[in-house]
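Contents: one structure, followed by commentary.
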Amino acid sequence: MRTKMVAGNWKMNKTLQEGVALVDELKEQLKGIEPKCEVVIATPFIHLATVAQMIEGTCIRLAAENCADKASGAYTGEVSAAMVRSTGAQYCIIGHSERRQYYHEDYDILREKVQLALANGLKPIFCIGEVKEEREANIHEQVVKDQLEGSLFNLSAEEFGKITLAYEPVWAIGTGLTATPQQAQAMHAYIRKTVAEKYGKQVADDTTILYGGSCNAKNAAELFSNPDVDGGLIGGASLKAPDFATIIAAR
Ligand code: 13P
């Protein structure tokens, strides 16, 4: 059975104090519940070390939202995968569409980041997804396949086994325009088929594929009811502890 997961991506929100308050609230919400899935929060770098201590002994796991494409050295302002790991974080989001779009992270850069994350004991949550024009042109499957081939399919099967995929149609992120359950299921099944063609059925069956894009407390259960949707990568709704807890319970 592959891992089910609900992961929150805080993006560039919350000061350190606000982040601490949110984690406290989330811990309160989850008290006494045994989630049936892996629960992850991805926070800005500056929160990681503090949050890592706060979640010790809880079911919450920690992710960074990004890491550098270089191992160490004179790269002012960057944060390496080794540094992320040293905070206690276990996961790292890589390839979010906002990184691709605003910071021009291409397939090669993302391939480096994945390699460095894995080499430093971090499990990548790797994001893929098409923009609106690509869906309208009916090339969304090819776009997602290219993203997989461009940054991940150089990995060995063993390495690929450490990857969580997140399908995030860019037109659904922060727009309130959620993919329909049918659109999500169709793409997730396509992604699993593509992984199977490269790594075989067993690896594909074991790959966790999350859906992201305006997933919220109201629509999560229906999205998660699809056989190939293993959970969600949640933006806005992860900033409200009760909503995030409801989404976790829906998984
Ligand atoms: P929203 O849930 O705010 O649409 O963001 C999704 C996302 O980008 C998660 O990584």
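As the structure is a prediction and not an experimental result, all values here were calculated from the model. For ligands, and for the atoms within them, numbers begin at 1 and follow the listed sequence.
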* Asked: For residues 28-38, which residue pairs qualify under salt bridge (Lys or Arg N to Asp or Glu O under 4.0 Å), counting only residues two or more places apart or in two chains?
  -> Glu28-Lys31
* Where at least one partner belongs to residues 56-78, residue pairs that pass salt bridge (Lys or Arg N to Asp or Glu O under 4.0 Å), sequence neighbours excluded -> none
Salt bridge or not between [X] and [Y]? Use side-chain N to carboxylate O under 4.0 Å.
X: Arg100; Y: Glu105; result: no
X: Glu141; Y: Lys145; result: no
X: Arg192; Y: Asp230; result: yes

* To do: Run through the side-chain heavy atoms of Ile, Leu, Val, Met, Phe, Trp and Tyr, join any pair under 4.5 Å, and report what else lands in Ile139's cluster.
  =>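 Its cluster mates, by chain and number, are Val143.
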Pairs under 3.5 Å, nitrogen or oxygen of ligand 1 with protein nitrogen or oxygen:
unit_1: ligand 1; atom_1: 2 (O); unit_2: Gly235; atom_2: N; d: 2.9
unit_1: ligand 1; atom_1: 3 (O); unit_2: Gly236; atom_2: N; d: 2.9
unit_1: ligand 1; atom_1: 4 (O); unit_2: Gly174; atom_2: N; d: 2.6
unit_1: ligand 1; atom_1: 4 (O); unit_2: Ser214; atom_2: N; d: 2.7
unit_1: ligand 1; atom_1: 5 (O); unit_2: Lys11; atom_2: NZ; d: 3.2
unit_1: ligand 1; atom_1: 8 (O); unit_2: Lys11; atom_2: NZ; d: 2.8
unit_1: ligand 1; atom_1: 8 (O); unit_2: His96; atom_2: NE2; d: 2.8
unit_1: ligand 1; atom_1: 8 (O); unit_2: Glu168; atom_2: OE1; d: 3.4
unit_1: ligand 1; atom_1: 10 (O); unit_2: Asn9; atom_2: ND2; d: 3.0
unit_1: ligand 1; atom_1: 10 (O); unit_2: His96; atom_2: NE2; d: 2.9
unit_1: ligand 1; atom_1: 10 (O); unit_2: Glu168; atom_2: OE1; d: 3.1
unit_1: ligand 1; atom_1: 10 (O); unit_2: Glu168; atom_2: OE2; d: 2.9

